[in-house]
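Note sheet for the following structure.
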Amino acid sequence: MGTGSTLFAILIVGLGVFSYVKIKPIFDVPEKPDLGEPWWKVSKPTKVDTSIRPFKIQVSNEILKDLKDRLDRALPFQKSLEGVKQHYGMNDKLLTSIIDFWKTKYNWTQREKILNQYPQFKTNIQGLDIHYIHVKPAQTQGIKVLPLLMVHGWPGSVREFYEIIPILTTPKKGQNFVFELIIPSLPGYGFSEAAEVPGLNTHQMAVIFKNLMTRLGFEKFYVQGGDWGGIIVSSLAVFFPEKIIGMHSNMCFVNTPLSNIKLALGSYYPSLIIEEEHQHLVYPRMEKIGNLFLETGYLHIQATKPDTVGVALRDSPVGLAAYILEKFTTWTNPDWKDLEDGGLTKKYKMENLLDNIMIYWVTRSITTSQRLYAESFSKATMSLQIDSIPTDVPSACAAFKHDLTLIPPSLLKEKYTNLLQSNILDGGHFAAFEVPQVLATDVFEFVTKVENLSQKPKSSPTN
Ligand SMILES: *[C@@H]1O[C@H](CO)[C@@H](O)[C@H](O)[C@H]1NC(C)=O
């Protein structure tokens with residue numbers, strides 16, 4: 001070998017070692033951090049209250065009178081530009097019809113009764129009063145009762161689950177189990193207390209809900225969630241795998257370097273990533289990313305300065321309704337941007353949508369709800385790279401076709417290594433609220449698989 005080729009060989013080997021040292025850590029699985037059990041209030045009492053207290057929603061006349069005054073003062077709205085539908089944000093015609101309904105048809109006395117139809121409780125976890133719905137099945141003879149924790153997201157609330165509750169708690173013919181549901185309000189959302197000190201991100205919410213389930217006597221349980229709820233149940237599976245029998249999410253999220261490389265490669269060879277029938281849900285990539293940008297301006301604001309926009313939304317019920325219900329149009333179906341009425345009442349009843357708005361308004365919790373973005377996208381949280389830590393808990397990822405972003409099932413196994421089910425279903429971002437039957441069927445299908453697995457240990461003969 002001449003000097004030239006020796007030098008060349010050394011250079012190549014050197015480059016190889018350098019690249020390995022530099023690139024390999026990107027693919028390494030980060031270590032699971034110790035989340036601890038922080039106290040979320042400024043001061044800590046000497047004696048911690050662990051009681052479970054029944055709770056009912058009871059809004060004072062003062063709050064209702066104040067709301068009525070604010071709604072009466074709100075008109076006139078800024079007129080929208082000619083022909084823009086929902087493309088500049090919520091159209092004034094749609095907003096007018098919503099506020100009109102709120103003022104003249106929405107009957108709080110009646111809605112409060114509906115909201116109080118399921119047993120609700122509060123209990124203090126790590127300093128915060130956590131509100132939750134707890135529904136036991138009425139009839140359980142001869143069948144198993146499986147605990148299921150259901151977790152909502154933003155800008156939702158426990159209200160999203162009201163229609164799915166009876167489906168999941170009613171025994172079905174030929175099915176040997178039924179669910180007992182525990183449905184908490186996220187800390188800082190609705191009737192759950194908000195943190196007084198920084199740091200309460202999705203992973204810390206997982207700690208709180210694990211502790212809630214332990215308080216209620218559930219050592220092992222199933223979990224289901226969408227939006228932030230999907231991220232929280234995923235965190236529960238990562239940090240407390242011994243407690244989670246199965247995880248069902250309608251917003252599975254995979255953000256490993258390898259999955260992103262594969263997703264980009266799929267732009268050239270989509271058939272490597274996803275079957276032809278569903279390719280249009282993921283590609284062309286630039287178009288999908290463009291739409292994601294269009295729908296996530298709010299996220300940038302809430303991840304950086306949640307409190308400033310919160311001031312306005314906390315002060316104005318009309319602003320709050322416009323800000324939240326805009327999400328219920330385009331996140332349910334992106335094409336509804338092109339509709340004069342935003343499509344809202346195609347899939348939802350206005351009174352149900354307003355129940356959710358009322359939960360934010362009467363508790364004045366919009367600002368504290370938005371802080372979850374700042375806490376979860378903070379440098380401290382992001383540097384932990386928890387997204388890249390896989391879980392082997394039996395999992396199901398339900399992808400709804402109109403959701404903001406769809407992770408191809410072929411990439412999900414990088415994070416959910418024991419993925420038993422990954423159906424692509426009809427519906428949008430708020431699946432529980434929009435298509436409760438579709439979501440419930442997917443949950444039943446998944447849990448049947450997990451229950452059958454646990455009944456057939458590998459060593460025993462099967463037939
Ligand atoms: C509101 O609902 C309550 C309870 O269902 C009913 O008694 C009352 O008459 C209703 N009010 C109006 C204005 O319709």
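Counting starts at 1 for both ligands and their atoms, in listed order.
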If you scan the protein for heavy atoms around atom 11 (N) of ligand 1, do you find one that is closer than 4.0 Å?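 Yes, because at least one protein heavy atom sits under 4.0 Å from atom 11 (N) of ligand 1.
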Assess Lys327 against Tyr323: is NZ or CZ under 6.0 Å from the centre of the six-membered ring, and within 45 degrees of the ring's axis?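 Yes, cation above the ring, under 6.0 Å and within 45°.
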Please determine if [X] and [Y] form a salt bridge, counting it only when a charged side-chain N lies under 4.0 Å from a carboxylate O.
| X | Y | result |
| --- | --- | --- |
| Lys346 | Asp341 | no |
| Lys105 | Asp100 | no |
| Arg70 | Asp315 | yes |

Residue, atom name and distance, where the atom is the protein heavy atom closest to atom 2 (O) of ligand 1: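 Checking every protein heavy atom, the shortest distance to atom 2 (O) of ligand 1 gives Asn107 ND2, 2.3 Å.
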Starting from atom 4 (C) of ligand 1, what is the nearest protein heavy atom, named by residue and atom, and what distance separates them?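 Answer for atom 4 (C) of ligand 1: Lys113 NZ, 4.0 Å.
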